[in-house]
Asks: 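Dropping the structure in here first, questions after.
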Protein chains: 2
Amino acid sequence: MVPTAQMTSEALSQKLADSGLRNTPQREIIYSILTKKRDHPTADEVFARVKAEMPTISLATVYNCLEALVQCNLVRQVNFERGPTRYCPNLHPHAHFHDETTGSTYDIDLPPGLLEQLKSQLPVGYQASDVEITFRGHAAS
Amino acid sequence: MVPTAQMTSEALSQKLADSGLRNTPQREIIYSILTKKRDHPTADEVFARVKAEMPTISLATVYNCLEALVQCNLVRQVNFERGPTRYCPNLHPHAHFHDETTGSTYDIDLPPGLLEQLKSQLPVGYQASDVEITFRGHAAS
DNA sequence: GTGATAATTAGAATAATTCTAACAAAATAG
DNA sequence: CTATTTTGTTAGAATTATTCTAATTATCAC
């Protein structure tokens, strides 16, 4: 996987401000946790990780901060079969692969134009703003 | 949409038996409700519809029966962004389109081989048994 | 600094689903 | 065909993930 550059505190603040939101220590830590280990953690898992650095944080704040990061397009929510929502800081269009044995989620890069190609195959009158592709199976690696 | 032939009571019983399950009046009514109006109802919506015909049925039974129909591969579960699970008797491989304005879900037929083509593009070591494609947007019709 | 606005927090509330235990129906054994 | 076992249904409690509420705290604009 290509390591993505860490966003500066200022860039994060700017992104938040663009959506009318403020930066806070909680939001910053949570965003850094998501970029540090891109394993699609749930809110509970994020809560556990952030508590190590900021023991007084509450689960409600974790949910609120994650929502703020989703609002300002720094993080995407990933859902799989009514399991808890997972959070993904990979903003490039990509699909997800769900390993049925381990429960792990992997990002899958898609050939450029594939999503547009899929959208173009919709029947007349269907205008898709987004396409979500999820693979389910077993990953060898 | 292509109207699909109604399955006979015997065929339903056979399908259930194949998975070691019995047929019951509840399972039969619920399956008929799903095939009658293929609008991807939630368990609650199925409950409301079945109560018209069988007022004494319980919501737990609706969940149990839907699960039985899923077990014997007569019905598929469809999930969208942590909303309640929806039930779909369309067994042909297909995608779903979620209308953001109405909340309706539509089946989208896919060109034959497209799912296999997608699976073949996975990195080495990723073996997908299933691919799920969900479009989100606005349907004109 | 002061008032307004926004964010955090703890705990209560909610929604969808699953579990539990009791009862009923159906299949199987004697 | 009756007894026994198995399976299915039911009502209500429990669970899980998430959201809401109200109080407190922090930050911003002046």
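Heavy-atom basis, side chains included; hydrogens, waters and symmetry copies ignored. Letters A, B, ... are given to chains in the order of the sequence lines, protein chains preceding strands, and every chain is numbered from 1.
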Asks: Within this structure, what is the CG-to-P distance between B:L66 and D:dT10, rounded to whole angstrom?
Replies: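 Rounded to whole Å, this separation is 13 Å.
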
Asks: Under 4.0 angstrom, heavy atoms only, what part of the nucleic acid is B:T56 near: base, sugar-phosphate, or nothing?
Replies: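 The answer is sugar-phosphate, as B:T56 gets under 4.0 Å only of primed atoms, P, OP1 or OP2.
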
Asks: Any ion pair linking A:R86 and A:E81 (charged N to carboxylate O, less than 4.0 Å)?
Replies: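 No, this pair does not count.
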
Asks: Distance check needed: D:dT15 P versus A:D44 CG, whole Å only.
Replies: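 Taking atom P of D:dT15 as the reference, CG of A:D44 is at 16 Å.
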
Asks: Using heavy atoms to find the nearest nucleotide of DNA chain C for B:G83 and B:R22 separately, return the residue whose nucleotide is more 5′.
Replies: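 First, find each residue's nearest nucleotide; the 5'-ward one identifies B:G83.
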
Asks: Please state how far atom OH in A:Y63 lies from atom C1' in D:dT19, giving the value in whole angstrom units.
Replies: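 After rounding, the gap between these two atoms is 9 Å.
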
Asks: Could you pick out which residue, B:R27 or B:R82, lies toward the 5' side of DNA chain D when each is mapped onto its nearest nucleotide?
Replies: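 Its nucleotide being nearer the 5' end, the pick is B:R27.
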
Asks: How far apart are the closest heavy atoms of B:I30 and B:V62, and which atoms are they?
Replies: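 Between these two residues, the closest heavy atoms are CD1-CA, 3.8 Å.
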
Asks: How close or far is atom P of D:dG8 from atom CE of B:M54, stated in whole angstroms?
Replies: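 Nearest whole value for this atom pair: 15 Å.
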
Asks: Give a yes or no on whether a salt bridge exists between A:R22 and A:E28, defined as a side-chain N under 4.0 angstrom from a carboxylate O.
Replies: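 A salt bridge is absent here (no side-chain N lies under 4.0 Å from a carboxylate O).
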
Asks: To the nearest angstrom, how far is A:Q26 atom CD from D:dT25 atom P?
Replies: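 The distance from CD of A:Q26 to P of D:dT25 comes to 14 Å, rounded to the nearest Å.
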
Asks: Tell me the interatomic distance from A:E45, atom CD, to D:dT16, atom P, rounded to whole angstroms.
Replies: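 So the two atoms are 15 Å apart, to the nearest Å.
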
Asks: Rounding to a whole Å, what distance do you find between A:E81:CD and D:dT16:P?
Replies: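 Taking atom P of D:dT16 as the reference, CD of A:E81 is at 19 Å.
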
Asks: How close do A:R76 and A:N90 get, heavy atom to heavy atom, and via which atoms?
Replies: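 For A:R76 and A:N90, the tightest heavy-atom pair comes out as CD-O, 3.9 Å.
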
Asks: Mind calculating the distance between CZ (A:F80) and P (D:dA17) to the nearest angstrom?
Replies: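 My rounded result for the distance is 16 Å.
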
Asks: Partners of B:D130 by salt bridge (Lys or Arg N to Asp or Glu O under 4.0 Å), sequence neighbours excluded?
Replies: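 So B:D130 forms a salt bridge (Lys or Arg N to Asp or Glu O under 4.0 Å) with A:R136.
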
Asks: Walking along DNA chain C from 5' to 3', note the first and the last nucleotide with an atom under 4.0 Å from a heavy atom of chain B, and give both.
Replies: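 Footprint of chain B along DNA chain C, 5' to 3': C:dA16 to C:dA27.
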
Asks: Which word best sums up how the rings of A:Y106 and A:F97 line up, parallel for under 30°, tilted for 30 to 60°, or perpendicular for over 60°?
Replies: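 Rings of A:Y106 and A:F97: tilted, as their planes differ by 30° to 60°.
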
Asks: Classify the nucleic acid contact of B:T61 as base, sugar-phosphate or nothing, counting any heavy atom under 4.0 Å across all strands shown.
Replies: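 Since a base atom lies under 4.0 Å of B:T61, the category is base.
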
Asks: Quick one: on DNA chain C, does B:P25 or B:L59 contact a more 5' nucleotide (nearest heavy atom)?
Replies: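 Final value for this comparison: B:L59.
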
Asks: Is A:R49 paired with A:D39 through a side-chain N to carboxylate O contact shorter than 4.0 Å?
Replies: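 Counted as a salt bridge, because a side-chain N and a carboxylate O are separated by less than 4.0 Å.
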
Asks: If an axis is fit to five pairs at each end of the helix from C:dG1-D:dC30 to C:dG30-D:dC1, what is the angle between the two, to the nearest 10°?
Replies: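 Rounded value for the end-axis angle: 30°.
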
Asks: Looking at A:Q127, I'd like to know if its CD atom is crowded, meaning that more than 12 non-hydrogen atoms belonging to other residues, nucleotides or ligands lie closer than 6.0 Å.
Replies: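 No, the 6.0 Å shell around CD holds no more than 12 heavy atoms from other groups.
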
Asks: Need one value for B:T42: base, sugar-phosphate or nothing, where a base atom within 4.0 Å counts as base even if backbone is also close, heavy atoms only.
Replies: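 It contacts nothing in the nucleic acid.
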
Asks: Tell me whether the rings of A:F80 and A:H98 are parallel (<30°), tilted (30 to 60°) or perpendicular (>60°).
Replies: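 The arrangement is parallel - the two ring planes meet at less than 30°.
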
Asks: Just verifying a value: how many Å separate A:T102 OG1 and A:H138 NE2, rounded to the nearest 0.5 Å?
Replies: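 Rounded to the nearest 0.5 Å, the OG1-NE2 separation comes out at 8.5 Å.
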
Asks: Closest approach to the side chain of A:T85, judged atom by atom: which nucleotide of D:dT18, D:dT9, D:dA26 is it?
Replies: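 The answer is D:dT18, which lies nearest to the side chain.
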
